[in-house]
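What follows is a short report on a single structure.
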Amino acid sequence: MARSVFYYHLKKLKARDKYADEKENIRSIFHEHKGRYGYRRITSEMRNREFVINHKTVQRLMQSMGIKSQIRKVRYRSYKGEIGRIAPNIINRDFAASAPNQKWATDVTQINIGSTKLYLSPILDMFNGEIVSYNISTSPNMEQIYNMLDKAFEKYDKLDGLIIHSDQGWQYQHFGYRQRLEERHIIQSMSRKGNCLDNAMAENFFGIMKSELLKNLIRRKPL
């Protein structure tokens with residue numbers, strides 16, 4: 001081998017990977033969550049750690065490291081109605097709150113238990129992740145949403161200025177839903193079209209719940 005070729009390859013091997021820090025943190029996040037996080041949720045956590053990185057780069061780095069989520073995420077997707085015409089994205093991925101009842105997040109997810117399909121609709125407080133209220137139904141309908149809201153409103157007399165954030169599901173565009181928020185002087189915020197990270201608070205809760213609770217419950221054998 002020519003001397004110049006040898007030192008060329010040696011220099012190349014010694015060169016620092018420009019994504020070394022990103023890879024280290026991706027690996028750390030992946031193992032902290034026991035392989036349950038895919039590239040989208042790892043991207044969200046990376047941004048929380050002040051890394052400026054997009055989901056495509058995270059996906060490519062995970063592929064190069066042989067890292068892949070162990071759980072396939074199946075998410076209930078409702079009809080979106082009039083996309084982007086109801087409320088602005090006020091939260092804009094700022095999920096931090098300095099006190100309770102400043103920012104709430106909500107969404108609906110489908111849960112499969114055997115051949116049974118259930119739909120869970122919770123409200124989460126962004127201050128501490130507390131479940132303010134929830135409803136479990138065999139059908140994703142407005143009665144489920146109204147029941148969830150009524151339970152939350154019964155707990156608090158005054159919610160003026162509260163921001164409640166959701167995706168652009170048809171339930172959150174419904175006149176009855178918007179009217180109930182207006183009556184309580186609650187501000188409505190909605191994710192942008194096709195941006196699941198805009199509602200990462202609810203997405204992360206569903207992912208953890210399904211992987212850590214329901215998976216163990218379904219696999220548990222009777223005594």
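We're numbering straight along the sequence, starting at 1.
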Assess, by modelled atom type and distance only, whether the side chains of Asn199 and Asp167 contain a donor and an acceptor separated by less than 3.5 Å.
no

| query | Is the shortest side-chain N to carboxylate O distance from Asp150 to Arg180 below 4.0 Å? | reply | yes

For this session: Start with the C-alpha distance between Gln63 and Gln59, add both sets of side-chain angles, then the distance that settles side chain to side chain contact (heavy atoms under 4.5 Å, CB included), and finish with yes or no.
Result: CA-CA 6 Å; Gln63 290 174 346; Gln59 184 182 32; 3.9 Å; yes

>> Any non-hydrogen side-chain atom of Ser98 less than 4.5 Å from a side-chain atom of Phe127?
In response: no

Between Asp125 and Ala99 the two heavy atoms that sit nearest each other are OD1-O, 4.5 Å

Exactly one of Lys193, Arg192, Glu203, Gln168 clears side chain to side chain contact (heavy atoms under 4.5 Å, CB included) with Asp198, and that residue is Arg192

- Query: Is a side-chain N or O of His33 found less than 3.5 angstrom from the main chain of Gly38, in a donor-acceptor match?
  - Reply: no

All heavy atoms of Ser64 vs all of Lys23, minimum pair found to be OG-CE, 4.1 Å

Kindly indicate, with the supporting measurements, whether the criterion salt bridge (charged side-chain N to carboxylate O under 4.0 Å, His left out) is fulfilled by Lys103 and Asp94.
CA-CA 10 Å; Lys103 301 176 183 178; Asp94 180 10; 3.4 Å; yes

Q. Near Arg40 CZ, under 6.0 Å, is it more than 12 heavy atoms from other residues, nucleotides or ligands?
A. no

- request: Establish, from distance only, whether the side-chain atoms of Thr106 and His165 form a donor-acceptor pair under 3.5 Å.
  value: no

By side-chain contact (heavy atoms from CB on, under 4.5 Å), Glu143 pairs with (sequence neighbours left out) Asn141, Tyr146

Heavy-atom side-chain proximity of Thr138 to Lys117 below 4.5 angstrom: no

Query - CG (Asn128) with more than 12 external heavy atoms under 6.0 Å - result: yes

Lys158 NZ: over 12 foreign heavy atoms closer than 6.0 Å:
no

Sequence neighbours excluded, the answer for side-chain contact (heavy atoms from CB on, under 4.5 Å) partners of Arg49 is Asn25, Ser28, Ile29, Glu32, Glu45, Phe51

For Tyr19, is there any backbone N or O sitting under 3.5 Å from a side-chain donor or acceptor partner on Glu24? no

Exercise for review: Would you tell me whether Lys210 and Thr109 have side-chain atoms, one donor and one acceptor, within less than 3.5 Å of each other?
Suggested key: yes

- Is it true that atom NZ of Lys151 has more than 12 heavy atoms of other residues, nucleotides or ligands lying nearer than 6.0 Å? yes

- Flag, side chain of Gln188 to backbone of Tyr172, donor-acceptor distance under 3.5 Å: yes

Distance col, row Gln179:CD vs Arg184:CZ, nearest 0.5 angstrom, shows 13.0 Å

Worksheet entry | Check: Arg47 side chain, Ile53 main-chain N or O, donor-acceptor pair, under 3.5 Å | yes

_Short side-chain to backbone donor-acceptor contact, Ser189 and Ile91, under 3.5 Å_ = yes

The reported gap from CD1 in Ile187 to CD1 in Ile163 (rounded to nearest 0.5 angstrom) is 5.0 Å

So do Tyr39 and Ile67 actually touch side chain to side chain, heavy atoms under 4.5 Å?
no

